[in-house]
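Note sheet for the following structure.
Just so you know, these numbers come straight off a predicted model, no measurement behind them.
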Amino acid sequence: MNCTLVWFRRDLRISDHEPLFRAARRGVVIPVFVFDRALLQHPETGSARIAFMLDCLAALDADLQAQGGRLILRTGDPVRVLPDLIRETEAEGIYAYTDCERIYGRVRDARLNRALTEQGMKIRWFEPPASLNELIPYPRYRSRWYRDMAAPLVPLPPQIDVPQDLPSDPLPSLETLEHMADGKSIPPGGTAAARQLLADFLSDKSDRYYWQLSYPSAEATTGLSPHIKFGAISVRECVQTIQQTPDQGDFRIRRSQQQLIARLRWGNGFTQRFRYLPQLELRSLYTVFDEDGWAFDEDLYQAWQAGQTGFPIVDAAARCLQATGGWQALNFRSRAIYASFLSNLLGMDWRFGALHFMRHLIDGDCPIDHYQWAMQSGVTHCLDKTWTRIYNPGQVAVDRCDPDGAFIKHWVPELAHLDPAQLGNPPPMKTYPTPILDYKQARQKRVEQLEKQRSRFLQRGNVVPYLAHLPTDLTPFGSDRYAGAIEWAQSPPDSLFPQALDLTALDDPQAIALRTWFVAHVNITPPKSRKRPSPSPVHQLALNL
């Protein structure tokens, strides 16, 4: 009987899973997950995220057992472990989804392709929905995304036959994987938990999501992001579940459903950008920003990390991130204010911010995290913009995001006695630091710097000459601060899989297509000053610049 390995990576589910369904239809299946030290000990790996992954793996094993199978666990370098497992089981080959999250993963997969070929073994790669190798303009990708999301879900295999005598390593503890729990509360992992979160959102929050998304204390988010990061539920299932939920004729529900689907699309779009340009993990998109250099002050960086900047909404976000992992309580607006403060006001390299986030976020996903960090820093999505989004972290942010002060008072309890109107600029007190910068001066300095840097490529039809190339040194950023398993980066790789765009080989139409990924496709103008809003969830909020 045919036997196929199914290699699970960021797809920890059995539903809407094409490699698993195809393998089960062929015959015997070896569902395998490999604990890879190069990822477990990456400088940007957070312990809480590993703990959540272990819960997802336990749920995956239970789901497989419900269909007659079980999960096989192994530890080591997949380039050695998987060929050995093929020989052990006499399998015909491997089925797996492609994965573009990390440069390391693409180096590893290229090495695996080569090793399997040399040993006369086979692997079949499947593209996840909305992932493609071809360079196409972003508007075409957006249409492709909706088409892929509308395709029928891949059926659940009715039976998953796994050899009973095949040994598996036990599910390890966090400590066995050389991580220590850091006090964060870990949400339940797995497909059932993800579906429950989505159902709860659709029944309880979908009439206010769009309007309260800027209020951190409203906790209007779905909480699904960690499950999507590890593929415990597919984006396609989420989209179709949302679309199949009646809006009851309520425009609030309809608008919120549209907004959530748009955010799911944006997440896939960030991953597709990384597929084209994996250097975005290590570099700013345009060379000028890194070549000009960044400011850095260790004391100020630590104050930003610890929530001791003297700006309450920034400090609340900092403390929330470290305490919770941000998966539910730290919404996109809070993350944006916190990120903008480091790069735009302190003038520090966005990569230090992305590093800190990834070490704490339970939903940390490299393309989403890094790309949005670069966007908030004004160094990526700015080809056609002449203005810069820099959040005012003072009373403006409090009024627009936390008008009752609930979020700030929860995470910065030393300010709990203050009126919300004082939370943007608290009076001097012994228990809370004074502001570490002057907002107006810092903002003006950053605006002038960005305008000068952007002038080199702004409005250019062909931006390829200004783009950063994949460096020969692929050492992860932050490895000098946090020890990790980075031996794989000591010598330049022969190739990546999937392959990256070769910027030196793009013709004019391809250069034009690539440009469309880094411009706004709607008419975005700088927000104007607004009066203090009502906390009533009837206004869509936009922060002042």
Side-chain angles (χ1 to χ4, degrees), residues 184-185 187 196-228 238 242 245 247-248 250-264 266-267 307 311-340 361-363 372 391-413 415-416 418-421 423-424 527 530-544:
K184 295 179 177 64
S185 178
Q196 187 62 56
L197 281 169
L198 184 54
D200 290 345
F201 169 84
L202 292 171
S203 64
D204 301 336
K205 299 180 181 180
S206 61
D207 61 341
R208 60 187 177 91
Y209 174 76
Y210 179 81
W211 284 268
Q212 291 189 347
L213 201 52
S214 289
Y215 293 105
S217 61
E219 294 194 0
T221 61
T222 65
L224 274 171
S225 51
H227 302 80
I228 291 173
C238 291
I242 297 165
T245 301
D247 61 26
Q248 304 170 32
D250 189 332
F251 82 97
R252 297 172 303 170
I253 295 176
R254 184 163 57 253
R255 192 67 179 270
S256 291
Q257 290 177 346
Q258 292 169 348
Q259 178 75 354
L260 179 53
I261 289 173
R263 290 188 176 278
L264 293 169
W266 295 342
F311 289 87
I313 200 161
V314 173
D315 294 338
R319 300 179 193 185
C320 177
L321 170 65
Q322 295 211 43
T324 71
W327 67 281
Q328 191 168 41
L330 194 67
N331 68 4
F332 87 100
R333 188 69 75 189
S334 304
R335 297 186 192 200
I337 295 170
Y338 188 33
S340 179
L361 288 173
I362 296 177
D363 61 5
Q372 292 200 103
Y391 291 94
N392 183 333
Q395 195 64 42
V396 169
V398 177
D399 290 347
R400 284 169 166 76
C401 286
D402 196 21
D404 295 327
F407 180 67
I408 292 172
K409 291 182 179 184
H410 179 79
W411 294 108
V412 191
L415 304 180
L418 296 180
D419 185 90
L423 291 175
R530 298 182 181 179
K531 295 180 181 180
R532 177 177 171 137
S534 163
S536 173
V538 296
H539 302 295
Q540 173 65 13
L541 305 180
L543 282 188
N544 199 14

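- Of the possible polar contacts, none joining the Ser334 side chain to the Leu330 backbone as a donor-acceptor pair under 3.5 Å is found.
- Of the listed residues (Arg255, Gln258, Arg254), just one forms a side chain to side chain contact (heavy atoms under 4.5 Å, CB included) with Asp247, and that residue is Arg254.
- The heavy-atom pair separating Val412 from Pro312 by the smallest distance is CG2-O, 3.9 Å.
- Nearest approach of Gln395 to Ala421, heavy atoms of both residues: OE1-O, 3.0 Å.
- Using modelled atom types, one side-chain atom of Lys205 and one backbone atom of Glu219 make a donor-acceptor pair closer than 3.5 Å.
- Ser256 places a side-chain N or O within donor-acceptor distance of the main-chain N or O of Tyr210, the cut-off being under 3.5 Å.
- Closest of all the heavy-atom pairs between Ala397 and Ile337 is CB-CD1, 4.2 Å.
- With contacts defined as side-chain heavy-atom distances shorter than 4.5 Å, the pair Pro413/Arg319 qualifies.
- In plain terms, the two heavy atoms of Cys401 and Pro216 that are nearest each other are O-CD, 3.2 Å.
- In terms of modelled atom types and a separation under 3.5 Å, the side chain of Lys184 and the main chain of Gln322 share a donor-acceptor contact.
- Between the side chain of Asp404 and the main chain of Ala406, no donor-acceptor pair closer than 3.5 Å is present.
- Residues Ile313 and Pro393 approach most closely at CG2-O, 3.6 Å, considering heavy atoms.
- The side-chain heavy atoms of Thr222 and Arg263, taken from C-beta on, include no pair separated by under 4.5 Å.
- No donor-acceptor distance shorter than 3.5 angstrom exists from the side chain of Arg335 to the backbone of Gln372, with no hydrogens or angles considered.
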